[in-house]
Structure formats: structure tokens, C-alpha cells
J.: 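Take a look at this one; I'll ask things after.
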Amino acid sequence: MTAFRTLDQADVKDKRVLVRLDLNVPTENGKVTDVTRIERAAPTITELADKGAKVILLSHFGRPKEGPEPKFSLEPVAKAVSEVIGRPVAFASDCVGEVAEAAVAKLAPGDILCLENTRFYKDEEKNTPAFVDKLAALGDVWVNDAFSAAHRAHASTEGLGHKLPAYAGRSMQAELEALGKALEQPKRPVAAVVGGAKISGKLDLLGNLLDKVDVLIIGGGMANTFLAAAGKPVGKSLCETDLIPTAQEIVDKANRAGKQILLPVDAVVAEKFEANAPSKVVGVDEVGPTEMILDVGPRSIEHVVSELERLKTLLWNGPFGAFEIAPFDTGTVEIAEAAAELSAAGKLVTVAGGGDTVAALNHAGAADRFTYISTAGGAFLEWLEGKALPGVEILKVK
Ligand code: AMP
């Protein structure tokens with residue numbers, strides 16, 4: 001893995017440090033309703049302030065269409081940042097130009113200033129050189145602490161790295177280190193759980209994981225297409241018939257490479273997709289024409305759990321069944337619990353993220369025992385697909 005620069009190498013004392021965060025937090029009536037992202041950003045902000053930097057926060061917020069819109073102002077978010085870190089955070093009503101320059105000029109070492117939403121300028125997303133120059137004029141150093149925005153090459157997420165000395169913030173560093181441990185240099189054997197609704201949309205992900213892991217554990221609706229490819233009856237289950245040949249190709253590729261694909265051997269089936277619909281456990285050869293597979297069965301759970309005991313690293317994306325409705329959450333909950341226990345005992349490195357996965361693992365009560373949970377969404381999935389993330393590439397030591 002190419003090393004990237006962190007705050008350990010940064011000389012920030014008395015410097016103006018532009019810090020790109022992801023402050024795109026949920027709000028309701030102008031009040032922040034979930035401060036998780038702010039809590040993750042807090043160590044970078046306070047460390048820089050404590051080292052005597054003039055800390056200047058940059059972020060996007062929502063998707064404003066035509067320039068400044070009051071409902072997308074970062075002002076209430078700046079207040080929430082101040083509350084979380086317990087220090088004053090000044091606010092400037094523009095992210096470039098005279099207003100921003102005047103606010104930056106007032107900063108003393110250790111002060112913190114939040115600039116207005118970078119997406120109030122279309123040039124942010126276009127990464128226009130002239131706009132990057134305007135942002136760069138406000139700082140001496142750039143710190144990127146927004147992994148979740150790193151799949152976009154925007155002015156504040158990538159452009160600045162061409163103009164100023166660039167460093168990863170602490171939460172970016174934690175994310176890159178955890179992801180590196182899971183996929184670049186994992187302890188083997190390493191497996192990936194790929195679950196969720198459909199194969200379409202996860203083809204690149206399956207392809208990349210198949211190259212890198214020893215075992216692919218398939219769950220959720222997407223397993224049905226693999227079962228159909230193996231000639232099993234899937235009744236009325238969610239199944240992407242047009243992708244049956246693709247599923248077969250994935251299996252053939254795995255066989256050629258000597259990799260293992262673990263598919264369900266039994267299933268929980270129901271005739272209706274609703275909470276507490278009458279259900280039963282059947283073998284994957286016995287799914288009836290009017291039945292739907294909504295979860296993996298107990299033998300499949302046992303199968304996966306005994307596999308986990310042999311593994312050293314597990315990557316997890318997607319639930320094993322329709323986990324939002326009881327009792328079809330059982331497979332996800334029991335397998336997550338087993339992974340969490342092994343992880344807490346130091347026997348398994350567990351890294352999870354993307355889409356509904358965080359919700360599913362929270363629902364299972366397992367998330368806090370996983371080694372690392374990525375809340376990055378799109379960026380995490382692109383990383384799983386093996387794509388280079390521009391906001392990370394720019395931090396690498398060439
Ligand atoms: P994804 O966003 O691709 O990770 O998919 C998550 C969704 O897949 C959740 O909403 C689950 O309810 C759904 N899901 C998982 N297993 C099944 C299944 N067997 N049948 C239908 N939906 C499923």
C-alpha cells in the first residue's frame with residue numbers, strides 16, 4: 001500500500017489550515033438531528049487547534065441547485081460543531097472572496113472558523129482551477145478528513161491537494177488503515193459477505209472481491225440468482241433472471257481461481273413480503289412455486305458461522321435477508337452476532353459498510369464490536385469495487 005501523509009508529518013503551528021470535512025449531517029427545521037459525522041471529525045479539529053493552527057473548516061451541505069440557498073447554509077451546523085467540541089467556532093457567510101478572506105485574517109492560532117457551503121458555487125463540483133485558487137488563497141496547508149466525499153474530484157476534496165501541502169485527517173487515516181487491513185494486506189484467510197437485494201449494481205464489487213478474497217459468502221436476494229444459476233427452484237423470490245449467466249460466470253471464475261463461494265443451503269420462505277407473514281424453513285431444492293426466499297435458514301447460518309471461526313478477516317456488505325421485517329432478520333442478526341463475538345475476542349478483523357449494512361448491523365446490536373464500520377456509503381462501495389478515489393489518491397506519497 002502506498003503510504004499517505006497524516007497529521008503526524010504536518011507542520012501546522014501558526015499556519016492557516018483548510019480542513020475538508022463531511023458536515024453533510026441530517027437536519028430538521030434548521031437543527032442537526034445526528035452528530036455522528038461531527039463526532040468523527042472532532043479529533044482532527046481539536047488536534048489542529050491544540051497544535052496552534054488557524055483551523056478553517058470546509059464542507060458541502062445538501063445539493064443546492066442555483067447558488068446560495070438559506071436552507072443549505074452551514075451556519076446551524078457550525079453551531080453544532082461548536083457544541084460537540086466544546087469550543088467557539090466562528091462562521092463566515094461565504095467560502096471564498098472578501099468575506100472569507102476577512103474572517104480568515106482575524107484568526108489567531110488555535111481559533112476555529114467554518115466557511116459557508118462550498119456547493120454554493122457550481123465551480124466546486126467542476127473543480128475549476130480559478131475556484132481552487134480562490135480556496136487555496138485562504139490556507140497554507142490542506143487536510144482532507146472527508147473519506148465519504150473522496151470518490152468525487154471536487155475543488156475542496158481533490159483540487160486543493162494540487163495547490164497546497166496535503167495531509168489525511170485522523171478520521172480519513174482511520175478509514176484508510178481499516179480498509180487497508182481488510183483488503184490490501186489482510187490476514188488470511190479473508191472472506192467477504194456480499195448480501196442485499198440484487199446483483200445488478202454490485203457486479204464490479206463482486207468482480208473485485210473475487211480477485212482479492214479467499215471466500216465469497218453470498219446472502220440476501222442476490223443469492224437467489226446464484227441459486228437459480230445452480231438450477232435450484234426460487235419460486236416467487238426476487239431473482240434477476242437476465243443475470244443468471246453472469247452469476248454462473250462468477251461461479252466459474254471462482255472455481256478456476258480455486259476460490260470458494262458459499263451459497264445458502266436452506267432458506268426461510270413465505271408467500272407474502274410482510275412482517276410476521278407465515279413462514280417455514282426449506283432446503284434450497286424445495287422452494288415452492290408460490291414461495292419467496294426472505295432469509296437464509298438455520299443450516300446456512302451454521303455453515304457461515306463455522307466458516308467465520310476459520311477466518312482471520314471478514315469484510316461485510318449487505319444483509320442476509322429482508323432484515324427490516326421480522327422474523328426475516330434472523331440470519332443477519334445471528335451471523336452478525338457471531339462475527340461481533342469473534343471480533344471482540346480478537347480472533348477476527350471485521351470491517352463493514354455501505355448501503356443498508358450499517359443499519360442492519362446496528363439492528364443486530366453487533367456494530368460496536370466490529371473492528372471498523374464505515375459510514376461512507378458511496379465512497380466505501382467504490383473502494384470495494386477497487387476504484388481509485390481521487391480524494392485519497394491526492395494524499396498518497398508519490
Ligand atoms: P442493498 O441495499 O443492496 O444492500 O440491499 C438491502 C436490501 O435487500 C434490504 O432492504 C433487504 O430487505 C433486501 N433483501 C435482502 N434479502 C432479501 C430477499 N431474500 N428478498 C428480498 N429482499 C431482500
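When a ligand or atom number is given, it counts from 1 through the structure's own listing order.
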J.: Going by heavy-atom distance to atom 14 (N) of ligand 1, choose the closest among G321, G201, G220, A267.
T.: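 Considering heavy atoms of G321, G201, G220, A267, the nearest to atom 14 (N) of ligand 1 sits in G321.
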J.: Going by the atom numbers of ligand 1, which of them fall below 4.0 Å from some non-hydrogen atom of G196?
T.: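 Taking each heavy atom of G196 in turn, ligand 1 has 1 (P), 3 (O), 4 (O), 5 (O), 6 (C), 8 (O) under 4.0 Å.
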J.: Can you check side-chain contact (heavy atoms from CB on, under 4.5 Å) on M172 and Y167, steps first, answer last?
T.: CA-CA 9 Å; M172 168 74 86; Y167 302 90; over 6 Å; no
J.: Looking only at non-hydrogen atoms, find the nearest pair between E271 and T290 and report the distance.
T.: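 Scanning both residues completely, I find the closest heavy atoms to be OE2-OG1, 2.8 Å.
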J.: Just heavy atoms, cut-off under 4.0 Å: does I293 contact ligand 1 by side chain, backbone, both, or neither?
T.: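 Just the backbone.
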J.: Do we see a donor-acceptor contact under 3.5 Å between the side chains of R20 and H60?
T.: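 Checked: R20/H60 side chains pair up, N/O donor to acceptor below 3.5 Å.
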J.: Quick one: which ligand 1 atoms are inside 4.0 Å of a heavy atom on L294?
T.: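 Once the distances to L294 are compared, the set is 19 (N), 20 (N).
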J.: If you measure from the Lys or Arg side-chain nitrogens to the Asp or Glu carboxylate oxygens, is any gap between D214 and K259 under 4.0 Å?
T.: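 Salt bridge: no.
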J.: Minimum heavy-atom separation for T157 to N144, with atom names?
T.: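 It is O-ND2, 3.4 Å.
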J.: Among all protein heavy atoms in this structure, tell me which lies nearest to atom 17 (C) of ligand 1, with the distance rounded to 0.1 Å.
T.: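 For atom 17 (C) of ligand 1, the nearest protein heavy atom is G221 N, 3.3 Å.
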J.: With a cut-off of 4.0 Å, which atoms of ligand 1 are near a heavy atom of D356?
T.: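 Reading through ligand 1 atom by atom, the close ones are 2 (O), 6 (C), 7 (C), 9 (C), 10 (O).
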J.: Return the residue, atom name and 0.1 Å-rounded distance of the protein heavy atom closest to atom 8 (O) of ligand 1.
T.: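 Answer for atom 8 (O) of ligand 1: A197 N, 3.1 Å.
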J.: For ligand 1, does F273 get within less than 4.0 Å through its side chain, its backbone, both, or neither, judged by non-hydrogen atoms?
T.: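 The part of F273 near ligand 1 is the side chain, not the backbone.
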J.: Return the minimal non-hydrogen interatomic distance between E307 and Q260, and the atom names on each side.
T.: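 Distance-wise, the nearest heavy atoms are OE2-OE1, 3.6 Å.
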J.: For G318, is at least one N or O under 3.5 Å away from an N or O on ligand 1?
T.: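 No, since none of the N or O atoms of G318 sits under 3.5 Å from an N or O of ligand 1.
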J.: With heavy-atom distances below 4.0 Å as the criterion, list the atoms of ligand 1 near P319.
T.: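 Here the atoms of ligand 1 in question are 4 (O), 6 (C).
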J.: Where's the contact between M292 and ligand 1, heavy-atom distance under 4.0 Å: side chain, backbone, both or neither?
T.: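 No part of M292 comes within reach of ligand 1.
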J.: Before signing off on this row, confirm whether K198 and ligand 1 have an N or O atom pair separated by under 3.5 Å.
T.: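 Checking ligand 1 against K198, no N or O pair falls under 3.5 Å apart.
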J.: Describe, in one word, how the ring planes of F320 and W316 are oriented to each other, choosing from parallel (under 30°), tilted (30 to 60°) and perpendicular (over 60°).
T.: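 Correct class here is perpendicular.
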J.: Which ligand 1 atoms, with their elements, are less than 4.0 angstrom from a heavy-atom of E324?
T.: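 Counting atoms of ligand 1 from 1, those under 4.0 Å from E324 are 9 (C), 10 (O), 11 (C), 12 (O).
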J.: Tell me the closest heavy-atom pair linking K202 and G195, and the distance in Å.
T.: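 Result for this residue pair: NZ-O, 2.9 Å.
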J.: Among all the protein's non-hydrogen atoms, which is closest to atom 4 (O) of ligand 1, and how far away is it?
T.: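 Residue, atom and distance for the closest contact: K202 NZ, 3.3 Å.
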J.: Counting the benzene-type ring for Trp, do F131 and Y121 have ring centres under 6.0 Å apart?
T.: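 Yes; Y121 has its ring centre under 6.0 Å from that of F131.
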